[in-house]
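Here is the structure we will look at.
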Amino acid sequence: MYEEQLVSDSRPVRVRFAPSPTGDLHIGGVRTAQFNWMFARRHGGKFILRIEDTDQKRTQEHSLSSIMDGLRWAGLDWDEGPDIGGDYGPYIQSQRLAHYQYWANWLVEHGKAYRAYETPEELELISAARKASGFPPGYDRRARQLTPEDWARLDAEGKPYVIRLKVPLDGETVFEDMVRGTIRVRNDTLQDAVLLKADGFPTYHLAHVVDDHLMEISHVIRAEEWLPSTPLHILLYQAFGWEPPKFCHVPVILHPSGGKISKRKHPEASISYFIKGGYLPEAVTNFLCNVGWNYGKTDEKGEEIQVFTKEEAAEVFDITRVTQTGTKFDVVKLKWLNGEWIRRLSDEALARRMQPFFEAAGLNAPYETLLKVAPLVKERIKVLTDAVEMAGFLFRDDVPVPEPSTLIPKGLTAEQTCAALQLAHDTLAALPDFEVATQEAALRSTAEQLNIKAGQFFSPIRLAVTGQSVSPPLFEVMAIIGREKVLARLARAIAVLQTTA
RNA sequence: GCCCCUAUCGUCUAGAGGUCUAGGACGCGGCCCUUUCAAGGCCGAAACCGGGGUUCGAGUCCCCGUAGGGGCACCA
């Protein structure tokens, strides 16, 4: 199916991302938001942010700002939303209760819905009894029998009620999903879903249908977990006599071990994991494009282009080509992509982006120094936090004293190593300047003098100066650290070897 | 239990009935480069879930199995 057929000219493209404020933004939510965003940008439509806070128990105080921060971090800007308003506001459902109550009652008045007075406890009993006698669990629609007189009597007793949809007992509901094609469900498998809760708040089913209609949403792009309840939503549109939007259900993101990735069980389900973990928003959105969709452009070698921006993706985004299979979230591949993006950063940009991570590690890393560090770590790190691990020693005075055993390279004795370090020390001390090229020329000829391989020579120097066996290129590192500290650290290592020998 | 969706290398995917000896990427292995580690270059191993149809021809269409996922709340 091609997308062009599904975007009608008569109806402007208006899509929304509608999270519930129950904590951090979920990584799957980011992708859903991104698909909506790309679809809107592709078709010159509007991308709307709406907050679905109709569950008073689960709503969390700081969640709204956390969600908006997450979206901003990912660069998914919205055209209408709680903070910026718009012509269809308010964009927070708890501020739209009058709408839901009006339309719920409208359905009752028109015989499409009814009041039900069962308590949650009674419902549990009903469900259990049905199960026991071989029926599917759920509600048995007994309140359909109630007359308006019954309602008056129960109201007089002060009994709270909910409003339930009167689902047709026979027939089937059919709709077209933009990625899955025709979906067909028998109505007798559907429940008389609650639309308005006893506390006067709507359920998701009612609230989103009313809002999507009132906000003139043209395409509902949402996670696959909504697929089974979509027939119910179609029935609701029919009961109202409204034209439903087009639906598109995108596959869920799975944990590599199988099953839905959940914030409760997996830290990487939350966008903050990636923000704090030193991932670039460019890489995360790039990666998310390839989970359930693919860019499809190839380079001159015939290889698929893997690195692209979400803007580039939006230019060719076709929602009907979204995959239909649940996809596992491969953090390893994300890390690789993140490395690709880091390598594309200018030194200035990389320095700026690394800075907060050094600070978070308690290191005072001036921008000017980071600017020199950037080219050294650029092709060695996958996430920004790697830079702290790899180059943190540049900003630390308490670099660990190396173990004598690690100091001695293969093929050399302790005495030889000690002598080599002493010679390195003296050579460096005598240099006219401390430039990389000067150091390199001098130390390479020193290695020749000593008749040992360059690698054998540089290894103990590296250990002594950086405290690590792995580091960015040695001469660059020493130039940044400065001659004084380098000589001191060499002297310290020499002393360690001497006491051992 | 009932309903819905899905099924190509370990993972993400390309594949719109003949161009498939099934392509790419990550990861993995090897080689080259090299002061460590990377990055980069080259090479390699690695998949159409099973069974029936339809068709001259099926990874591609249909059916049945099987497997995976999702859903059956006064949560979203």
Side-chain angles (χ1 to χ4, degrees), chain A residues 1-2 18-22 52-55 57-58 116 118-120 123-124 127 131 134-139 160-164 177 179-180 183-186 188-191 193-199 201-205 207-208 223-231 249 251-252 254 256 258-260 287 290-296 298-299 301-307 323-337 339-340 343 377-382 386 390 440 443-444 447 453-459 461-463 466 468-475:
Chain A
M1 202 183 308
Y2 294 90
S20 55
T22 54
E52 312 224 322
D53 59 341
T54 55
D55 185 349
K57 290 183 214 80
R58 293 206 314 162
E118 291 80 13
T119 63
L123 289 173
E124 238 169 83
S127 186
K131 231 172 170 174
F135 288 96
Y139 181 56
Y161 63 86
V162 300
I163 292 178
R164 285 179 183 271
D177 186 271
V179 328
R180 282 156 220 275
I183 311 279
R184 176 185 296 276
V185 180
R186 287 211 327 272
D188 61 14
T189 65
L190 267 25
Q191 299 262 332
V194 170
L195 301 178
L196 199 69
K197 303 183 248 184
D199 63 3
F201 276 64
T203 59
Y204 171 79
H205 304 300
H208 95 275
E224 187 188 0
E225 59 219 63
W226 295 111
L227 195 56
S229 58
T230 305
H249 291 92
V252 289
L254 271 20
K260 229 164 51 154
F287 179 74
N290 280 328
V291 177
W293 185 72
N294 95 303
Y295 189 44
T298 52
D299 60 19
K301 278 159 76 185
E303 293 178 350
E304 286 175 14
I305 295 172
Q306 303 279 340
V307 185
T323 307
Q324 312 181 40
T325 38
T327 45
K328 290 181 179 165
F329 193 91
D330 185 3
V331 186
V332 175
K333 190 163 184 177
L334 202 211
K335 274 202 170 191
W336 164 77
L337 238 197
E340 289 289 319
R343 270 167 250 140
V377 298
K378 195 179 275 182
E379 51 196 34
R380 279 166 245 270
I381 60 174
K382 286 189 157 68
D386 287 346
M390 175 158 285
E440 178 157 13
L443 289 181
R444 279 192 192 280
K453 286 192 204 133
Q456 283 177 307
F457 189 35
F458 299 157
S459 165
I461 302 176
R462 182 189 314 280
L463 250 311
T466 70
Q468 303 171 177
S469 60
V470 170
S471 85
L474 186 56
F475 312 119

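These numbers come from a predicted model, not from an experiment. Throughout, protein chains are lettered first and strands after them, A, B, ... in sequence-line order, and every chain is numbered starting at 1.
Checked against B/rA39, B/rG70, B/rC72, the side chain of A/Lys382 finds its nearest nucleotide in B/rA39. You'll find that the side chain of A/Trp336 is closest to B/rG27, out of B/rG24, B/rA76, B/rG27.
Scored by the side-chain contact (heavy atoms from CB on, under 4.5 Å) test, A/Asp188 finds A/Arg186 as partners (sequence neighbours excluded).
On the P atoms, B/rC3 is 32 Å away from B/rG59, given to the nearest whole Å.
Put simply, the side chain of A/Glu379 and the base of B/rG40 share no donor and acceptor less than 3.5 Å apart. Contact annotation: side chain of A/Arg180 to base of B/rC5, donor-acceptor pair absent below 3.5 Å. Side-chain atoms of A/Lys378 and base atoms of B/rA39 include no donor and acceptor less than 3.5 Å apart.
The partner of B/rG10 is B/rC26, by the rule that a Watson-Crick or G-U pair needs both atom distances under 3.5 Å.
Using a 4.0 Å heavy-atom cutoff across all strands shown, A/Gln456 reaches no nucleic acid atom at all.
Salt bridge A/Asp330/A/Lys333: absent, no basic N to carboxylate O contact under 4.0 Å.
Here B/rC26 presents its C1' atom at 17 Å from CD1 of A/Ile305, a figure rounded to the nearest Å. One can place CG of A/Asn294 at 16 Å from P of B/rG23, the figure rounded to the nearest angstrom.
For the pair A/Glu303/A/Thr298, no side-chain contact is recorded, criterion being any heavy-atom separation below 4.5 Å from C-beta on.
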